[in-house]
Amino acid sequence: MLGHPVRIRVLELLQDGPLPVRSLLAAIEVEPSALSQQLAVLRRSGIVTATRTGPTVVYELAGGDVAELMRAARRILSDVLTGQHALLAELREAEAGGVPAPREVAPADTVTTAPGVGVVS
């Protein structure tokens, strides 16, 4: 459901409140047919609702849970990208002949599978 970039962008834009289709088109810059197709997917799934007033169709998030999901996803992706950026910097430094700075590693939980045998999870 959330695997398409246009759908994700629509949900991000709608976090600030309802928007007409013309505003979504201007912000996303995709073909109207492509946006319409992705809005239909979101509407069928119940993530967004649509209201027609004359010729204008306005979309909004169906509930606060969607906005919370998007905020959580943004935090997770930000953390992942930060980690990748740090790793890339270390690799570039190593290629240049420098000594990479030590990476901070979060402590791992240990699960005991048998007496005296631990598995890091």
Atom of Ala62, atom of Gly46 and distance for their closest heavy-atom approach: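 Looking at all heavy atoms of both residues, the shortest contact is CB-O, 3.1 Å.
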
Connected via hydrophobic side-chain network under 4.5 Å: Val58 and Leu14: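 Different clusters.
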
Salt bridge (charged side-chain N to carboxylate O under 4.0 Å, His left out) partners of residues 9-19, not counting sequence neighbours, each pair once: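 Residue pairs with at least one partner in residues 9-19: Arg9-Glu12, Glu12-Arg74.
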
Heavy-atom side-chain contact between Leu24 and Leu13 under 4.5 Å: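 Answer yes - side chains close enough.
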
Leu11 side chain reached by Val48 side chain, heavy atoms, under 4.5 Å: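 A side-chain contact under 4.5 Å exists here.
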
From Glu60 atom CD to Ile47 atom CD1, the distance as rounded to the nearest 0.5 Å: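 One gets 14.0 Å once the value is rounded to the nearest 0.5 Å.
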
Reported CD-to-CD distance for the pair Glu93 and Glu90, which is rounded to 0.5 angstrom: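 Answer rounded to 0.5 Å: 8.0 Å.
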
Show me the side-chain donor-acceptor pairs of residues 25-44 shorter than 3.5 Å, one per line, residues at least two apart or across chains.
{"unit_1": "Gln38", "atom_1": "OE1", "unit_2": "Arg7", "atom_2": "NH1", "d": "2.6"}
{"unit_1": "Arg43", "atom_1": "NH1", "unit_2": "Tyr59", "atom_2": "OH", "d": "2.4"}

Sequence-distant partners of Arg22, side chain to side chain contact (heavy atoms under 4.5 Å, CB included), two or more places apart: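 Partners of Arg22 by the side chain to side chain contact (heavy atoms under 4.5 Å, CB included) criterion, ordered by chain and then number, come out as Pro20, Thr56.
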
